[in-house]
Every structure is written in structure tokens, then in C-alpha cells.
Number of protein chains: 2
Amino acid sequence: MSRGNGGADADLPGGRRPARPTSRDVADRAGVSQATVSLVLRDRWHGRVSPARAEYVREAARALGYRPNLAARTLRLGQRRTALLVVPALTTEFFARVHSGAARMAAEHDIGVVLYPSPGGVGPAPDPFASASATVDGVIASSMAAEALAGLRDGGLPLVMLDSEPGLAPAVATVNPDISDGMRQICSHLLELGHRDFGHLAAAVDTWTFHARARVLAEALARSGSARLVTTERAALTVRDATSAAERALRANPRPTALVCDDDVLAAGACKAARRMGLRVPQDVSVTGIDDLVLAAAVEPELTTVRLPAEEMGSAGLAALLSVLGGREAGNTLLPVELVRRGSTAPPPGNGGVPPGP
Amino acid sequence: MSRGNGGADADLPGGRRPARPTSRDVADRAGVSQATVSLVLRDRWHGRVSPARAEYVREAARALGYRPNLAARTLRLGQRRTALLVVPALTTEFFARVHSGAARMAAEHDIGVVLYPSPGGVGPAPDPFASASATVDGVIASSMAAEALAGLRDGGLPLVMLDSEPGLAPAVATVNPDISDGMRQICSHLLELGHRDFGHLAAAVDTWTFHARARVLAEALARSGSARLVTTERAALTVRDATSAAERALRANPRPTALVCDDDVLAAGACKAARRMGLRVPQDVSVTGIDDLVLAAAVEPELTTVRLPAEEMGSAGLAALLSVLGGREAGNTLLPVELVRRGSTAPPPGNGGVPPGP
DNA sequence: GCAGGATAGTAGTACGTATAACCTCGGCGA
DNA sequence: TCGCCGAGGTTATACGTACTACTATCCTGC
């Protein structure tokens with residue numbers, strides 16, 4: 001079923017390329033000029049080419065399996081419609097979803113998305129933009145891709161930042177989930193359940209979002225009047241590190257009855273730590289996450305968490321980039337989040353129950 | 001396209017396009033011809049341009065922030081060095097890792113990777129290759145991206161299949177993890193622990209890999225002589241579906257003491273089902289997964305699983321594609337896997353941890 | 001002093017596409 | 001009869017790069 005290649009013509013190593021048909025080949029076959037082919041195939045022929053001929057050209061293109069050479073097209077138009085997405089590690093479910101959203105939006109606008117996975121692995125970590133930026137006309141970057149950010153300034157490219165403070169640089173658009181609202185919803189939920197002693201399992205990532213989470217948590221608790229933040233521990237975003245950090249947090253005195261985690265992975269580690277210490281979740285300690293990864297519904301108990309709109313961050317990021325490329329002001333987008341109540345939160349152990357031990 | 005505010009932003013000089021410098025701009029600045037710039041920057045100048053001038057050109061390029069236009073370059077060279085990666089859903093951690101591996105390998109060979117996330121979402125599901133294939137010269141596709149595979153035949157492009165049966169089509173290269181070895185290792189592990197009654201929680205995906213998993217499991221159990229497959233249930237790759245399917249499997253008579261799952265997500269669901277039925281993992285029932293996702297170490301107990309080399313599948317896929325593009329025979333790559341023993345497997349109840357004697 | 005080579009650089013062109021500018025040819029009202 | 005118009009094309013050109021000729025200059029040995 002594959003295109004009838006002559007068989008022997010394509011096996012020269014490093015030599016001849018498959019020689020895809022060009023618009024001129026189509027023109028020859030249809031007996032028209034190359035310009036006509038372009039007009040027809042770009043749907044710009046109305047009132048300039050007769051319908052019969054247009055159909056004939058399309059037929060010829062189909063027969064030859066013609067696909068326009070995008071490189072040539074973009075060269076002519078001068079529009080290198082490609083966005084570079086810089087994320088810390090695509091191996092993470094969250095950023096995979098961000099990319100998915102960006103890619104879908106990009107497909108609708110017929111532009112490409114190239115990924116620059118920041119150099120987590122080995123290797124010489126080549127200049128991120130030496131190769132990629134050659135065809136890129138805009139960058140969407142997560143603030144968590146710290147290593148790559150230095151090079152962004154020099155690029156002189158339109159920039160959209162994800163998870164970054166709005167308004168820092170006038171020319172930089174930002175896209176953020178409404179993490180303040182999310183934190184507030186978590187706090188309200190836990191306060192309504194009757195919790196007073198809170199712990200914070202924070203991500204050991206030096207990023208605005210995570211700073212904001214800590215700040216909003218503190219503010220919300222302060223505003224409640226009754227609640228207080230008993231302990232704060234920081235952990236890398238791995239289950240293993242989260243577990244030991246959570247153990248430290250749960251050894252605080254008084255022991256927090258609610259552990260607010262910056263992330264679902266941290267929350268999973270926290271549950272693990274609690275169990276290891278003989279505490280039940282949620283009866284003895286409530287745990288909350290953020291993100292709503294697949295993992296959140298897989299662990300036992302299922303995590304109460306805040307669902308961040310990862311896909312929407314990607315699509316909104318791309319939309320913001322298009323907006324900037326279109327000459328408009330760089331805006332700041334805030335996306336709504338949603339509290340998902342599941343099994344890892346409950347009222348704190350009652351006064352008549354087991355008192356917190358030393 | 002909104003040009004918008006009339007004289008407000010006067011900082012855009014001349015036309016309104018960003019106007020990235022071209023090699024001719026560099027030439028003007030350096031006082032040489034465009035050809036010289038190209039020679040110098042492509043490192044083809046030895047013995048043709050004086051070292052002093054070459055350095056001067058490089059200096060000018062640096063000062064202007066010049067980046068060669070890759071579109072123009074590939075147009076001239078006629079080499080569209082771009083691979084298309086077709087995966088079922090990038091939102092999945094596994095395929096995110098596959099992409100990561102492919103991207104790293106691609107970067108080393110200075111070629112691009114474009115993702116085609118098969119249309120899981122809404123929308124008209126446009127021709128996958130209408131836009132992408134324009135610049136693509138090879139395709140790496142997972143057999144799990146079923147919807148997109150139909151279009152691949154017509155493309156006439158070199159094709160590398162992931163998770164697909166080797167040798168089906170002569171021109172198609174394949175890359176697979178050694179799933180047979182993985183299944184055998186799981187079986188050996190469980191047989192050594194003393195299990196006899198096995199259950200299989202299979203993925204409801206009509207793909208060669210998953211068929212192979214079932215076949216190899218059956219063969220391994222048959223060869224053991226003592227063990228048998230008590231039940232097989234199929235589930236979609238979600239925790240929710242896996243849970244109900246696992247409940248059915250655990251209600252089989254006799255109840256399996258070991259539940260072999262096609263996937264970590266399924267295994268997480270199985271653990272959940274067991275607990276819901278009052279069974280302890282691993283004391284009452286052992287559960288195994290495949291993949292070794294982050295999730296595998298997050299659930300309680302941590303999953304015994306087979307780690308599939310996702311990144312290597314990506315890089316090997318790209319290597320295979322390069323090989324085919326280079327004119328060599330389409331080969332079949334088999335990548336080693338590794339059994340990861342964790343907490344979800346133990347001797348079956350009533351065996352006391354003593355391996356079965358004669 | 002001059003052939004001949006090494007050195008240093010430039011002019012010109014091709015790649016495949018999109019589109020502005022131009023051309024041709026009937027029909028038609030004056 | 002002419003001038004004009006619009007439909008239905010075509011010709012020519014630009015996009016930015018890579019590289020093949022080609023020219024021009026400077027040595028160097030005989």
C-alpha cells in the first residue's frame with residue numbers, strides 16, 4: 001500500500017532522498033502553471049481559477065501524494081510559526097498534560113510546537129537555542145525549567161511564562177492557575193472540618209508558585225483567627241523525599257491534624273509516612289494535595305486535592321503567545337481551579353478521642 | 001492580525017515583524033559577502049577565509065544575535081530532518097518518557113521531533129499528516145495510537161513501530177521492550193514465592209504487546225507444571241475500571257493468590273479492590289504491575305513491577321528511523337527489562353513463607 | 001620575469017512556495 | 001467600432017541559506 005517506490009532507487013546510504021513531489025510536479029501533471037497549483041491548494045482560487053480545473057489540480061495532487069513543503073512555505077511567508085515549549089521534565093504527568101493542551105491549540109492554528117526538555121540527563125547540555133531557536137518565533141517556558149531560563153533573555157523572542165509572577169517584566173505574558181483560590185479552598189475545607197493545627201509540606205523548589213502557596217496558606221490561616229501553622233517542612237518532588245519530610249512534620253509538637261501538601265506526589269509520600277508512624281489517614285491526620293494526577297486516585301485513601309487545569313495552561317499559553325505575536329499587549333491569564341474532595345480529609349480526632357502524643 | 005493602537009508603541013522600527021537578522025545583515029555588518037558568512041558559520045572556511053576575517057564575521061553574528069533560519073537551510077539542502085512521533089496520549093507518563101528519550105537522541109543528531117497526539121479530545125480530528133507530514137521524513141508510531149495508524153500507510157514514509165509485532169511488514173522497523181522476558185521474570189518470582197493460583201488483569205487494548213503478555217503468561221504457567229491460570233479479566237487503563245475488574249477477578253473460585261496485571265495503573269486498581277474486599281496485599285494476595293511509573297512507588301504497598309525502558313524505546317526508535325533513512329534494512333530491536341521487587345508480592349497465605357518442597 | 005600553485009574572497013544560483021503584477025480573451029454597453 | 005471589465009489564467013520574483021563556480025591576489029622557485 002505504500003507509495004510505489006521503484007524499490008532500488010531509495011537504498012543508497014546517505015545519498016538520494018525519496019524526492020517528494022513538488023508543486024511543480026503537480027502542475028506538470030495537471031497541465032497548469034505552478035502558481036495555479038498553489039492558488040488551488042491554498043484555497044485562494046475563487047474567481048481566479050475555473051472550478052473544473054481546480055478539481056483537476058486537486059486530483060493530480062492526490063494522485064502524486066503531494067504534500068506542500070512547509071519549510072518553503074514558511075520561508076516565503078517569513079512567518080516561522082513555531083512555538084518552543086520549555087518544561088522542566090516532560091516525564092512528569094503534569095507537564096505532559098500542559099504540552100497536550102498546547103499541542104491541541106497549536107494544531108487548530110496550524111502552527112508547530114517544539115519541546116525543549118531541560119537537560120535533566122547527562123550530556124553536554126547544548127545551547128538550548130542553538131538548534132531550536134533557529135525556527136522558533138516564540139517561547140512558552142515554565143519557571144520550573146530554571147537551568148534553561150538564563151538563555152531566554154538573549155533570545156529576544158516573545159516569551160510566555162508559566163507559573164511565574166505576573167507583571168515582573170512588561171513584555172512577558174504570564175499564565176497561571178489561580179493557586180491562591182485553590183489554597184483558600186483547601187483551607188476553607190479543612191477549617192470547616194474543624195482543623196486547627198496545620199502542617200505544610202512544601203516543595204523544595206525555588207519558584208514563585210510555591211512561594212505563593214506558602215504565603216496564601218499563611219494568610220488564610222491567619223485570617224481564620226482560630227487556626228495556626230504548626231510546622232513547615234520542605235521536600236523534593238519525589239515520593240521518597242516527601243515521606244521522610246512528612247515524618248518530620250508529623251513529629252512536630254503539637255502534631256498537625258491537617259497536612260497541606262504542595263503537590264500530589266508530596267501528599268502520597270505524606271500518607272505513606274503517616275501510615276508508617278501508625279497514624280490513620282484521614283481519621284488521625286488529613287492530607288491534601290495539589291494537581292489531581294492519576295496518582296491521586298490510585299493511592300489509598302484517594303487524595304483530596306485541587307485540580308489544576310494543566311491542559312488549559314498549555315492552550316492558554318499558546319493563545320497568549322499568539323496574542324503577543326499579533327502585536328498585542330502581554331497579558332496575565334489566571335485560570336480557575338477546582339477542589340476535588342475525596343477520602344484523605346476528615347474531621348480531626350475529637351476531644352474525647354486519642355490525644356496527640358509527644 | 002490586530003495592528004491596534006496607532007502611535008502608542010513607537011518602538012517597533014519600520015515594519016511590524018520582529019525581523020530577525022539574516023546572514024546578509026551579518027555580511028553587511030562585517031563588510032563581507034553573504035557567501036563568506038555562510039562559509040564561516042558552517043565551519044567550511046578553512047583555507048578559504050582568513051582566520052582574522054572569520055573571527056570578525058563570528059563577532060558580527062554574535063553582536064546581531066544572528067541565528068540561521070533552519071527553514072531556509074533545510075529547503076536548500078533538501079533534507080527534512082524531522083521525525084514524527086505518534087503516541088496515543090502524551091498525558092500518560094509512559095509515553096512522556098518515550099518522547100523524552102526520542103528528543104534527547106534527536107538533539108544529538110540535530111534533527112527535530114514533532115508530536116502527533118492522537119485525537120483523544122474533541123474536534124474534527126484533522127488529517128494527521130495534512131500539516132505535520134509536510135516537513136516530516138519519518139514516523140515513529142506506537143501501535144496504541146490506533147486511530148492514527150490508518151493514515152500512516154498512505155504517507156509512504158519510513159516507519160518505526162513501537163509495541164508492535166516484529167517482522168509483520170518487511171519495510172517497517174520495530175522497537176519493543178522484552179516483554180516476554182519480563183513476564184517470565186514475574187512468573188518465576190511468584191512461582192518461587194509458592195503461588196499456584198494466578199489471575200490475570202489484562203488491559204482492554206487490542207494490541208500485540210498485550211496479546212503477547214497474555215500468551216507468555218499462559219506459557220510460563222503451563223511450563224511450570226504446578227501453576228494454573230484461574231481467571232482473566234480485562235479493564236481499561238484507568239484506576240476506576242481496574243478496580244471493578246479486579247474485584248471480579250478476586251471473586252473467582254478458587255480465588256487467585258497472585259494477580260498479574262498488565263500495567264501499574266491496573267495493579268493500583270487491583271490493590272484498591274483487594275483492600276475493599278477485606279484482603280491484605282501482599283499477605284492475602286500478591287499483585288504485580290508493569291512499567292514502573294511514579295505511581296508504583298507511591299501506592300501502599302509499593303508495587304513489585306517490571307520496569308520498561310521507556311526512554312530507551314524513544315531513543316532506540318529514533319535510532320532505528322535514522323538507520324532506515326540511511327538506507328539500511330529495517331531491523332527489530334528488543335530492549336532489556338528489569339524486575340523491581342517491592343512490597344506487593346509475598347508468599348501465598350497458608351504457605352508460611354516456605355518455598356514449596358517436593 | 002613568469003608559470004603555477006596556494007590563498008582569499010565573491011557572484012550567481014538552486015531549493016519549493018506564495019503572491020503581486022501582468023497578460024489574454026470574450027462579452028457588452030455606448 | 002471601441003474601450004472597458006472581469007474571468008481565467010501565467011510570468012516573475014522574493015524568501016534565507018549553502019555551495020559551486022569563478023576571479024583576483026600573493027607567493028615561490030626556477
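Here is how names work: the chains are called A, B, and so on, in the same order as the sequence lines, proteins then strands, and each is numbered from 1.
A donor-acceptor contact shorter than 3.5 Å links the side chain of A:Ser315 to the backbone of A:Glu312. With hydrogens and angles ignored, the 3.5 Å screen pairs no side-chain donor or acceptor of A:Asn176 with any backbone N or O of A:Glu165.
Taking CZ of A:Phe94 as the start and NE2 of A:His99 as the end, the distance is 14.5 Å to the nearest 0.5 Å. Distance check: A:Tyr56 OH to A:Arg29 CZ gives 7.5 Å after rounding to the nearest 0.5 Å. Between B:Met105 atom CE and B:Leu322 atom CG the span is 7.0 Å, to the nearest 0.5 Å. Between the OG atom in A:Ser23 and the CD atom in A:Gln34 there is a gap of 4.0 Å [rounded to 0.5 Å].
Atom CH2 of A:Trp45 is separated from atom P of C:dA18 by 17 Å (rounded to the nearest Å). As a whole-Å value, the separation of B:Leu41 CG from D:dT17 P is 9 Å. Separating the CG atom of B:Asp28 from the P atom of D:dG16 is a distance of 13 Å, rounded to the nearest angstrom. Rounding to whole angstrom units, CZ of residue B:Arg44 and P of C:dG9 are separated by 19 Å. Atom-to-atom, NE2 of B:His46 to P of C:dA6 comes out at 18 Å; the value is rounded to the nearest Å.
Taking the side chain to side chain contact (heavy atoms under 4.5 Å, CB included) definition, one finds that A:Ala320 meets it with A:Val160, A:Ala173, A:Val175, sequence neighbours left out. A:Asp28 pairs by the side chain to side chain contact (heavy atoms under 4.5 Å, CB included) definition with nothing, not counting sequence neighbours.
Using modelled atom types and a 3.5 Å distance limit, the side chains of A:Asn332 and A:Thr174 yield a donor-acceptor pair.
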Between N or O atoms, less than 3.5 Å apart, protein on one side and nucleotides 5-13 of chain D on the other: list the pairs.
from	atom 1	to	atom 2	distance (Å)
D:dG9	OP1	A:Arg53	NE	2.6
D:dG9	OP2	A:Ser50	N	3.2
D:dG9	OP2	A:Ser50	OG	2.7
D:dG9	O6	A:Arg48	NH2	3.3
D:dT10	OP2	A:Ser33	N	3.2
D:dT10	OP2	A:Ser33	OG	2.8
D:dT10	OP2	A:Thr36	OG1	2.4

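Contacts of A:Ser38 with the nucleic acid, taken as non-hydrogen atoms under 4.0 Å apart, include base atoms.
Near DNA chain D, meaning a heavy atom under 4.0 Å away, there are no residues from residues 55-63 of chain A.
With a 4.5 Å cut-off on side-chain heavy atoms, A:Met313 and A:Asp163 count as touching.
Fit an axis to the five pairs at each end of the helix from C:dG1-D:dC30 to C:dA30-D:dT1 and the two axes sit 60° apart, to the nearest 10 degrees.
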Pair up each side-chain donor or acceptor in residues 44-51 of chain B with any protein partner under 3.5 Å, not counting sequence neighbours, and list the distances.
from	atom 1	to	atom 2	distance (Å)
B:Trp45	NE1	B:Asp43	OD1	3.4
B:Ser50	OG	B:Arg53	N	3.4

